[in-house]
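Counting from 1, the numbers follow the sequence of the chain as shown. Order of appearance sets the numbers: ligands from 1, and atoms from 1 within every ligand.
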Amino acid sequence: MPEADPTAVEHAARVAATFRASLRERPVYPVDVDPEGIRKALGELQDAPMSPSEVVDELVAACEPGIVASGGPRYFGFVVGGALEAAAAADVLTTGWDQPTYNVVSAPAAAMVEEVAGTWLKELLGLPPTASFGFVTGGQGANTVCLAAARHEVLGRAGWDVAARGLREAPRVRVVATAERHGTIDRALRLLGFGTESIEAVATDADGAIDVDALHRVLLGGPSGPTIVSLQAGNVDSGSIDDFTTAIAIAHEAGAWVHVDGAFGLWAGACPTTRLLVRGVDAADSWATDGHKWLNVPYDCGYALTAHPDAHRAAVAYDAAYLHNEVALRAPGDYVLESSHRARGFATWAALRQLGRDGVADLIGRCCGFARQFADQLGAIEGIEIKNRVALNQVLVRFVDDATTDRVVKLVQRSGECWMGATTWHDMRLMRISVCGHETTGADVERSVAAIGDAFSRAR
Ligand SMILES: *Cc1c(COP(=O)(O)O)cnc(C)c1O
């Protein structure tokens, strides 16, 4: 056996810290990335053990060429935040402490930090203080847990115990969802035994938010009975947010459980200048949101919240004699799909502690301001059009036509100056800019606008 090497973890932490310190200046995307080269550098499995420090060195050498500076200030791809310093540090501790987070017996501190951070999250997002919450892997995990709770509750109200009896012969559940929902809603519904063909899609308006009249028509046009309605805070392309006051009232009148996928958009509620956008969202039955996007907590971290703690637990908790929680305190494992899992509460607590209420509000408001700056500065260039109403942190940009738009995106991605992706939305190819990072400044936006302008001149 090789000797325990006390320096490997320290060494890795130093490499991580050095990488983080380089985020502002390194190319945003690695130049000429070669996935096959990385595979080769990772080697073949050998017979003999290796020293931990050597392993770290080898891993760093093999992987550095394929590491994206996605936590840096000029990465605007997908919807990706960086990691706040305290949150990244807490994540290092999480690894060191290595707590099997199931309940207060298996991980006392991890269980309590979740209770505290979960309470803070509800306050910041403007959700009911009585809501249940689970610290999950991300938006996908949150949507899945929330929709499992929804399935349990709506069938329970119809006299059917889905936990015991399953879906065979169960009353039919109507699933009504916005047409521009995120793909993770479909995946969650698929896993829960609702075929995607059973989803009744509701039309959206020009900006991608649900058309509330269409929602009304769809709900009235079908049978009453167990119904789940899935709404959205933050269209993944346009950033648009559904009209919750109206949509939730309509859905509740039809007796539905209302779920809100608010992976990033729910954070509008944590900032005075954007709070009105999510007005009425607290009346929903469940909410899914991410920590690793706009809160800038390291991957992976999301939150599944519901207004029905009993349904939440009944849908996903399990019990075993050896796990029995003799302490009458909340068990983290009762609210997520995993049994043992990473202690995600530490990093969330640290992020909220670092920012405070004002810092969270400032982070959200600042990102929205930078999105408007992108829209104003790019929109002023002849030939460039902004295609969405920029109310949140997303900007959709059109460069003359589909082909030119794709060319501009490719050139920008290769520049190393900044990185943004492309999408197809409302039948147009568009550059998609998402501002979520705590490190981004107005100067980073200007530098990125210059890089985009330059790419556009070359692409024409
Ligand atoms: C990102 C996103 C998701 C999925 O979240 P993950 O953290 O990637 O699992 C779901 N819904 C919306 C609206 C999103 O933006």
At less than 4.0 angstrom from any non-hydrogen atom of [X], what atoms of ligand 1 do you find?
{"X": "G234", "answer": "13 (C)"}
{"X": "G139", "answer": "4 (C), 5 (O), 6 (P), 7 (O), 9 (O)"}
{"X": "V236", "answer": "15 (O)"}
{"X": "K293", "answer": "1 (C), 2 (C), 3 (C), 4 (C), 5 (O), 14 (C), 15 (O)"}
{"X": "D290", "answer": "5 (O), 6 (P), 7 (O)"}
{"X": "F264", "answer": "15 (O)"}
{"X": "G138", "answer": "7 (O), 9 (O)"}
{"X": "Q140", "answer": "4 (C), 5 (O), 6 (P), 9 (O)"}

When the ring planes of H292 and Y299 are compared, do they come out parallel, tilted or perpendicular, using 30° and 60° as the limits? tilted
Which one holds for F78 and ligand 1: side chain close, backbone close, both close, or neither close, with close meaning a heavy atom under 4.0 Å? neither
Within 45° of the axis and under 6.0 Å from the centre of the six-membered ring of Y335, does NZ or CZ of R330 qualify?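 Verdict for Y335: a cation-pi partner in R330.
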State, without any angle test, whether [X] and [Y] hold a side-chain donor-acceptor pair at a distance under 3.5 Å.
{"X": "T204", "Y": "D211", "answer": "no"}
{"X": "T306", "Y": "H308", "answer": "no"}
{"X": "E114", "Y": "W349", "answer": "no"}
{"X": "T405", "Y": "R429", "answer": "no"}
{"X": "W257", "Y": "T227", "answer": "no"}

Determine, using heavy atoms of R181 and all atoms of ligand 1, whether some pair is separated by less than 4.0 Å.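 No, R181 has no heavy atom closer than 4.0 Å to ligand 1.
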Are any of the heavy atoms in G302 under 4.0 Å away from ligand 1?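 G302 does not count as a contact of ligand 1 under the 4.0 Å cut-off.
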Does any N or O atom in [X] lie less than 3.5 angstrom from one in ligand 1, N or O only?
{"X": "N143", "value": "no"}
{"X": "V79", "value": "no"}
{"X": "Q232", "value": "no"}

Selection from H182, E180, Q394 by shortest heavy-atom distance to atom 3 (C) of ligand 1: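 Result: the heavy atom closest to atom 3 (C) of ligand 1 is in H182.
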Indicate yes or no: does R26 engage E64 in a salt bridge with an N to O separation below 4.0 Å.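 E64 and R26: salt-bridged.
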Would you call E153 and R151 a salt bridge, using N to O less than 4.0 angstrom? no
Between S240 (side chain only) and N235 (backbone N and O only), is there a donor and an acceptor less than 3.5 Å apart? no
Among all protein heavy atoms in this structure, tell me which lies nearest to atom 11 (N) of ligand 1, with the distance rounded to 0.1 Å.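 Here the closest protein heavy atom is D261 OD2, 2.7 Å.
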Looking at atom 7 (O) of ligand 1, what's its closest protein heavy atom, distance included?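 Protein heavy atom with the smallest distance to atom 7 (O) of ligand 1: H292 NE2, 2.7 Å.
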Which residues pass the salt bridge (Lys or Arg N to Asp or Glu O under 4.0 Å) test with R24, not counting sequence neighbours? D444
